[in-house]
Asks: 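Below you'll find the structure I mean.
Each ligand, and each atom within it, is numbered from 1 in the order the structure gives. Keep in mind that the numbers below use all heavy atoms, side chains included, and drop hydrogens, waters and symmetry copies.
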Amino acid sequence: MNTTPVVELTEALALNLSGLPADAAQALSETLLTIAQACAAISEVAAQGALAGAHGLASSSNSQGEDQKKLDVMADDVLSAAMAACPHVAGWASEEHEMPFVSDEHGNQGRYLVVFDPLDGSSNIEANISVGTIFSVLPHPYRGTTPGEMGFLQPGQQQVAAGYVLYGPCTVMVLTCRQGVQMFTLDRSSLRGEGPARWVLTQSEVRIPVATREFAINASNQRFWEKPVQRYVAECIAGESGPRHKDFNMRWVASMVAEVHRIMTRGGVFMYPRDEREPRKAGRLRHMYEASPMALLVEQAGGRAVNGTHDLLEVVPDTLHQRVPVLLGSKEEIDRIVSYHADPHENVSWQLFKTRSLFVQPQA
Ligand code: AHG
Ligand code: MN
Ligand code: MN
C-alpha cells in the first residue's frame with residue numbers, strides 16, 4: 001500500500017512561501033494558483049485538439065510579425081483573462097502582444113507583473129507533439145503607480161517565481177519560488193468536476209545532473225552558429241575518438257518546454273545560440289518569457305543558463321520582446337561552453353574541427 005502523503009499545489013506553496021511576510025505569501029500563492037488554473041484550461045483545449053477548433057492558423061500575426069496559430073490565440077486569451085481578474089497582478093505582457101497590459105482595477109496596487117509565452121512550440125500543435133506555457137512573475141517596481149513597459153525590463157534575478165507547464169502525454173507544471181524546483185502533475189479527473197483543477201506534487205526536489213552525454217540544438221542552423229558553439233558541438237559528435245573521449249546523443253523537439261523538461265528529468269544541454277543570419281537579432285528565443293524564467297528554473301535545479309559569456313539571470317533586457325542566445329542545462333557542460341567563449345585561442349582551436357560537419361565526416 002502506498003502511504004506517501006499526497007501534497008497538492010496549495011499546500012506546497014504554503015510551505016515554499018513560509019519565509020515571506022503573510023500578505024506577500026498569500027498574494028504570490030494566489031497569483032500562482034490563478035496561473036495554474038488558466039494552464040489547466042489550456043491543457044483541456046490542447047487535449048481536445050481539432051475537436052476544440054484548436055488546430056490551424058489564426059489568420060493574424062503576433063507582436064513580432066509571426067503567424068499565430070489558433071491555439072496561440074486561445075492560450076493567450078485564457079491567460080490574459082486570468083491575469084485581468086487576479087487582484088495581485090498590476091500588469092502582464094505576452095509574446096502575442098507588442099505592448100504590456102495594465103490591470104484596470106489593480107494597476108496601482110497589484111504586487112506583481114506577469115510575463116508569459118502562452119504557447120511555446122506552436123509549430124508542433126498539428127503534429128500532436130508536446131507544447132507548453134512559460135511564465136515569469138516579477139515584482140511591480142513602482143507600486144502606487146501603474147507599470148509602464150520600463151517596469152517589466154528587470155533582470156531575471158528579480159523574478160519571485162517562474163515556471164512552465166508541459167502539455168504532453170500528461171500535463172506537468174514545473175515551478176520555482178526560489179526555494180528549489182518542484183514538479184506537479186495535473187489530475188485530469190479533477191477537470192470533470194466543478195472545483196479548481198487539482199495539481200499533485202510528484203517530484204519535490206528537482207535536480208539536474210551535473211554531467212551529461214546529451215545535447216539539443218537545431219542542426220540545420222550549423223553554418224550560422226557562433227564559433228565556440230561550433231567547437232562544442234563538433235567535439236560532442238566526434239564522440240569516443242574525439243577530445244571528449246565519450247559518445248554523445250542528440251535531440252531536437254522544437255518545443256523549448258519539452259527540451260527543458262527532458263533536461264530537468266535526466267540532464268542534458270539545450271542551445272539556441274547567437275546566430276550570424278541577422279546579427280542584430282541575438283538568437284531566436286525571447287529573453288523575458290522564454291530565457292529568463294527557464295534560467296531561474298535551471299539554476300534553482302542546480303544547472304546553469306548563460307548567453308555564452310554571462311549568466312542569463314544577470315542580463316538586463318532593453319525591450320519586452322528582446323531576443324537572447326540561450327545555452328542551458330547540466331552545469332559541467334555549460335561551464336565548458338562558457339570557457340570556450342572566454343578562450344582567446346578559440347578560433348585557433350576551431351581550426352582543428354572546421355572540416356568536420358554534423359553530417360560529413362572529414363576524410364581520413
Ligand atoms: P514559439 O512557439 O513560442 O514561437 O517558440 C518556439 C521556440 C522554442 O520553443 C523552440 O526551441 C524553437 O522556437 C524552435 O525553433 P526552430 O523552429 O528554429 O527549431
Ligand atoms: Mn516560445
Ligand atoms: Mn509562443
Side-chain angles (χ1 to χ4, degrees), residues 38-39 42 45-46 54-58 60-80 92-98 114-136 162-168 174 214-225 229 233 250-264 268-278 281-295 297-298 305 307 312 320-329 358:
C39 291
I42 296 169
V45 180
H55 285 183
L57 286 172
S60 50
S61 53
N62 71 7
S63 58
Q64 290 134 88
E66 297 161 342
D67 285 341
Q68 286 177 307
K69 296 285 189 74
K70 288 180 182 161
L71 198 54
D72 284 321
V73 175
M74 288 169 155
D76 181 62
D77 287 348
V78 170
L79 272 162
S80 293
W92 66 95
S94 160
E95 178 191 3
E96 306 305 327
H97 300 276
E98 190 176 350
V114 179
V115 189
F116 48 85
D117 177 351
L119 203 82
D120 176 65
S122 48
S123 72
N124 281 325
I125 295 166
E126 291 78 18
N128 203 12
I129 295 171
S130 299
V131 291
T133 294
I134 310 171
F135 58 89
S136 162
Y164 63 78
V165 177
L166 174 64
Y167 311 113
V174 178
E214 197 160 64
F215 66 97
I217 192 163
N218 182 342
S220 70
N221 297 328
Q222 182 190 8
R223 64 196 181 285
F224 304 118
W225 297 338
V229 173
V233 174
M250 191 178 92
R251 289 285 181 268
W252 188 250
V253 185
S255 285
M256 187 194 199
V257 170
E259 319 270 10
V260 171
H261 197 67
R262 187 185 58 248
I263 290 170
M264 288 287 179
V269 169
F270 168 86
M271 293 171 279
Y272 218 117
R274 190 176 295 283
D275 188 306
E276 284 172 3
R277 267 172 299 189
E278 290 182 72
K281 271 192 192 173
R284 169 164 172 34
L285 299 173
R286 277 58 58 105
H287 180 82
M288 294 216 58
Y289 41 83
E290 291 178 318
S292 190
M294 290 307 199
L297 285 159
V298 165
N307 64 4
L312 279 168
L320 198 57
H321 300 286
Q322 182 172 317
R323 294 175 193 259
V324 70
V326 175
L327 309 147
L328 60 79
L358 281 173

Asks: Please confirm whether A254 approaches ligand 1 to less than 4.0 Å, judged on its heavy atoms.
Replies: yes

Asks: Between V253 and ligand 1, which residue portion shows a heavy-atom distance shorter than 4.0 Å: side chain, backbone, both, or neither?
Replies: neither

Asks: Checking the side chain of N124 only, and the main-chain atoms of V253 only, is there a donor and an acceptor separated by less than 3.5 Å?
Replies: yes

Asks: Kindly indicate whether the side chain of I42, heavy atoms from C-beta on, has any atom under 4.5 Å from the side chain of L79.
Replies: yes

Asks: Is there a polar contact, in the sense of an N or O pair closer than 3.5 Å, between D120 and ligand 1?
Replies: yes

Asks: My understanding is that we take every heavy atom of each candidate and find the minimum distance to atom 12 (C) of ligand 1. Doing that for R284, E290, M256, which one comes out nearest?
Replies: R284

Asks: The test is side-chain contact (heavy atoms from CB on, under 4.5 Å); show your working for V233 and Q222 and say whether it passes.
Replies: CA-CA 9 Å; V233 174; Q222 182 190 8; 6.0 Å; no

Asks: Which bit of F270 is near ligand 1, meaning a heavy atom under 4.0 Å away: side chain, backbone, both or neither?
Replies: side chain

Asks: N/O of S122 under 3.5 Å from N/O of ligand 1, yes or no?
Replies: yes

Asks: Enumerate the atoms of ligand 1 whose separation from the nearest heavy atom of L119 is less than 4.0 angstrom.
Replies: 2 (O), 3 (O)

Asks: Protein N/O/S atoms under 2.8 Å from the Mn ion (ligand 2): how many?
Replies: 3

Asks: Can you name the closest pair of heavy atoms from G329 and I263 and give their distance?
Replies: CA-CG2, 3.9 Å

Asks: Please confirm whether the backbone N or O of E66 pairs with a side-chain atom of S61, one donor and one acceptor, at under 3.5 Å?
Replies: no

Asks: Compute the minimum heavy-atom distance from D72 to ligand 1 and say whether it is under 4.0 Å.
Replies: no

Asks: If we ignore hydrogens and angles and just use 3.5 Å, is the side chain of S255 paired with the main-chain N or O of V257 as donor and acceptor?
Replies: no

Asks: If you measure only the distance, is there a donor-acceptor pair under 3.5 Å linking the side chains of H97 and D76?
Replies: yes

Asks: Go through ligand 1 atom by atom and flag the ones less than 4.0 Å from a non-hydrogen atom of D117.
Replies: 3 (O)

Asks: Kindly indicate, with the supporting measurements, whether the criterion side-chain contact (heavy atoms from CB on, under 4.5 Å) is fulfilled by K70 and L57.
Replies: CA-CA 6 Å; K70 288 180 182 161; L57 286 172; over 6 Å; no

Asks: Does the side chain of Y289 come under 3.5 Å of the side chain of D120 through a donor N or O and an acceptor N or O?
Replies: no

Asks: Looking only at heavy atoms, which two atoms of P118 and T133 are closest? And how far apart?
Replies: O-OG1, 2.7 Å

Asks: May I ask you to identify, for S255, whether its side chain, its backbone, both or neither come under 4.0 Å of ligand 1 on a heavy-atom basis?
Replies: backbone

Asks: List the steps, then state whether side-chain contact (heavy atoms from CB on, under 4.5 Å) holds for V326 with E290.
Replies: CA-CA 9 Å; V326 175; E290 291 178 318; over 6 Å; no

Asks: Backbone, side chain, both or neither: what part of R286 comes under 4.0 angstrom of ligand 1, heavy atoms only?
Replies: side chain

Asks: Is there a donor-acceptor pair under 3.5 Å between the side chain of H321 and the backbone N or O of E98?
Replies: yes

Asks: Are any of the N/O atoms in G121 less than 3.5 Å from those in ligand 1?
Replies: yes

Asks: Quick one: nearest non-hydrogen protein atom to atom 18 (O) of ligand 1, plus distance?
Replies: Y272 OH, 2.5 Å

Asks: Less than 3.5 Å between some nitrogen or oxygen of E95 and one of ligand 1, yes or no?
Replies: yes

Asks: What protein heavy atom is closest to atom 7 (C) of ligand 1, reported as residue, atom name and distance in Å?
Replies: L285 CD2, 3.7 Å

Asks: Is it true that atom CG of N218 has more than 12 heavy atoms of other residues, nucleotides or ligands lying nearer than 6.0 Å?
Replies: yes

